[in-house]
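Single-structure report; data block below.
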Amino acid sequence: MGDFDAIIIGSGFGGAVTACRMAESGYKVLVLERGRRWRVEDFPREATDPWLWDNRDPVKRHGWFDFRVFPNMTVIQGAGVGGGSLVYANISIPAKPETFSRGWPAEITYAELGRYYDMVGTMLDVKKVPLNQWPERTRLVKDAADRTGRGDRFEALELAVTFDDAWTYDQPSPHAVARSKEFVNAHGQKQGTCVHLGNCDIGCDVRARNTLDLNYLPRAEQYGAEVRALHQVTAIAPEGDGYRVSFDRIEPTGLVPGYASARLVVVGAGSLGSTELLLRCRDVHRTLPDVSRQLGVGWSSNGDFLTPAIHPFRDVKPSRGPTITSAINMLDGSADGQDVFIEDGGLPDILGGFLGRVTSAPPDTAQARLIIESLRPLLTGNNLTDHVMPWFAQSRDAGDGVFTLEDGRLSLAWDIAKSRKTIDAVVRLHQELARATEGMALTPLPWTIAQDLITPHPLGGCRLGQTSADGVVGHNGEVFGYKNLFVADGAIVPKAIGLNPSRTIGALAERIAALIVADGR
Ligand SMILES: Cc1cc2nc3c(=O)[nH]c(=O)nc-3n(C[C@H](O)[C@H](O)[C@H](O)COP(=O)(O)OP(=O)(O)OC[C@H]3O[C@@H](n4cnc5c(N)ncnc54)[C@H](O)[C@@H]3O)c2cc1C
Ligand code: SF4
């Protein structure tokens, strides 16, 4: 039945991986992605460029970043063919083994996920920054770990970036685009090697980042998958032996409704996107009325936190080198009893100028004013380019956020009470690490005054469970009560991972695709 064997909604880690593996196995696959197909020449750079996605008006704004502001929590996501891989900091690392010991279905273990982690690592061609190319930020993290007695906890991290071993900082014009070496990757896509431009989150000028639009997605297309950009899915309804998927095509003149059908649907619209779509189908359209009452429950911000610190005696140069490179691993409860993963952070070179212009415009909410005030020290004078270290961290928060629809809009109930100790531990650690390296941590005002947080790592909403009493999908990603309807993205992660989650999301999607194919669905 239907026009396709499988419709995949979204083209991020969940969508791209399942589309690729199912197309390889002979399924006729359609991928519907709300964002555009980005080319290097279209990456946003100037203030007037398409920086933002606006869910309320995607015809007017279908740009790079999708910021969702909820009370006390702002979520950042990507929008485009390649999903979050377009905007992410390239860190591609497995979760720690103990992550799966509680709160996960018994079928999913670290040992069993191992081969799927490896498959993602191979496709994304992950590597650590070569030792001779460590940016100053990596040395700063290493120093901070050594000086606070945590040298054995320092980790250089794997990145989905292609490095040229012969590149060094001490050559004339090291960051010139001409220093990047062009090559054709295993999927026939033109790329270049990393010249440490530091623009990872806003698109790599030399295509050194191994993003999903350069590996999984072209491979899916080579096996016949059709990828339609600027198609925002609005509803899923059972039809015959499968499902009808309704969408709005985003045209310059407005939204054009349409639909397609398939015997199998994989929802991969991300933690917020998949949760919102299923909530609409359950509660508004009532096309999927039996989706579990657990939908929206148990959402986590992955305990993300950023503390800018000024290191007056160090040439930190946050806008040089890949955005994140290394970590101090304290996920064993050694941060005052809390599980914390500290990382270095970078900022794109041009971001200071752009945000500087934004800060001169009057912000329209108290929350926005607080965020901008806390960023101001980063954006003025030479501090940004030379001496500021954005210390990043993830941690295992309580994961007790709840998404619902209110007046037709996605709404988040987020209470810091049970996560406060964890974030406080991060704040103290950032202060200690900055102090140990002659720096001064500037704990963000939004946290100090209002406990406002920002996360680029939303997790949960359609979490994995054993039955519909404790989850929305089973261990194979299938929605309880709906045969051949799957969720395969960050929405199914049942609790905080405490470190960068995309490799785990990719591995879970590899596992779900393998089970779908093995079951002959
Ligand atoms: C600035 C930034 C830096 C990050 N750095 C890292 C990092 O270094 N390492 C790491 O592991 N993680 C990082 N992340 C997080 C990472 O990007 C996400 O965890 C990951 O992308 C989630 O994968 P996903 O498949 O769940 O969703 P996504 O990758 O977000 O994909 C969902 C896709 O669905 C599309 N979509 C949504 N709704 C609809 C709809 N209704 N119809 C059609 N399409 C829809 C979206 O446009 C998107 O393309 C970062 C995120 C940000 C924002
Ligand atoms: S550091 Fe620059 S060159 Fe390297 S991956 Fe990031 S944006 Fe590309």
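Order of appearance sets the numbers: ligands from 1, and atoms from 1 within every ligand. Numbers for residues simply follow the sequence, beginning at 1.
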* Structure fact -> At a 4.0 angstrom heavy-atom cut-off, ligand 1 is contacted by I9, G10, S11, G12, F13, G14, L32, E33, R34, I76, G78, A79, G80, G83, G84, V87, Y88, A89, N90, I91, H231, Q232, V233, G268, A269, G270, P456, H457, D489, G490, N500, P501, S502, I505

Do the rings of [X] and [Y] sit parallel, tilted or perpendicular, given the 30° and 60° boundaries?
| X | Y | value |
| --- | --- | --- |
| F305 | H430 | tilted |
| H196 | W167 | parallel |
| W64 | W38 | perpendicular |

* To do: Verify whether one side chain among N199 and D205 offers a donor that lies under 3.5 Å from an acceptor in the other.
  => yes

* Asked: How far is atom 3 (S) of ligand 2 from its nearest protein heavy atom, and which residue and atom name does that atom have?
  -> V195 N, 3.4 Å

* To do: Any atoms of ligand 2 less than 4.0 Å from a non-hydrogen atom of V206? List them with their elements.
  => 3 (S)

* Would you sort out whether Q189 and D213 count as a side-chain hydrogen bond (donor to acceptor under 3.5 Å, both in side chains), showing the intermediate values? => CA-CA 9 Å; Q189 306 301 302; D213 55 326; over 6 Å; no

* Find out whether L453 and W447 are in side-chain contact, i.e. whether some heavy atom of one side chain is under 4.5 Å from a heavy atom of the other. => yes

* **side-chain hydrogen bond (donor to acceptor under 3.5 Å, both in side chains) between D248 and T234, worked out** => CA-CA 7 Å; D248 282 332; T234 53; 5.1 Å; no

* Structure fact -> With sequence neighbours left out, the residues meeting side chain to side chain contact (heavy atoms under 4.5 Å, CB included) with A16 are L212, Y216, L217

* **Carboxylate-amine/guanidinium contact R21 E510, below 4.0 Å** => yes

* **Protein N/O/S neighbour count - atom 6 (Fe) of ligand 2, strictly under 2.8 Å** => 1

* To do: State which residues pass side chain to side chain donor-acceptor pair (under 3.5 Å) with T99; sequence neighbours excluded, sorted by chain then number.
  => R396

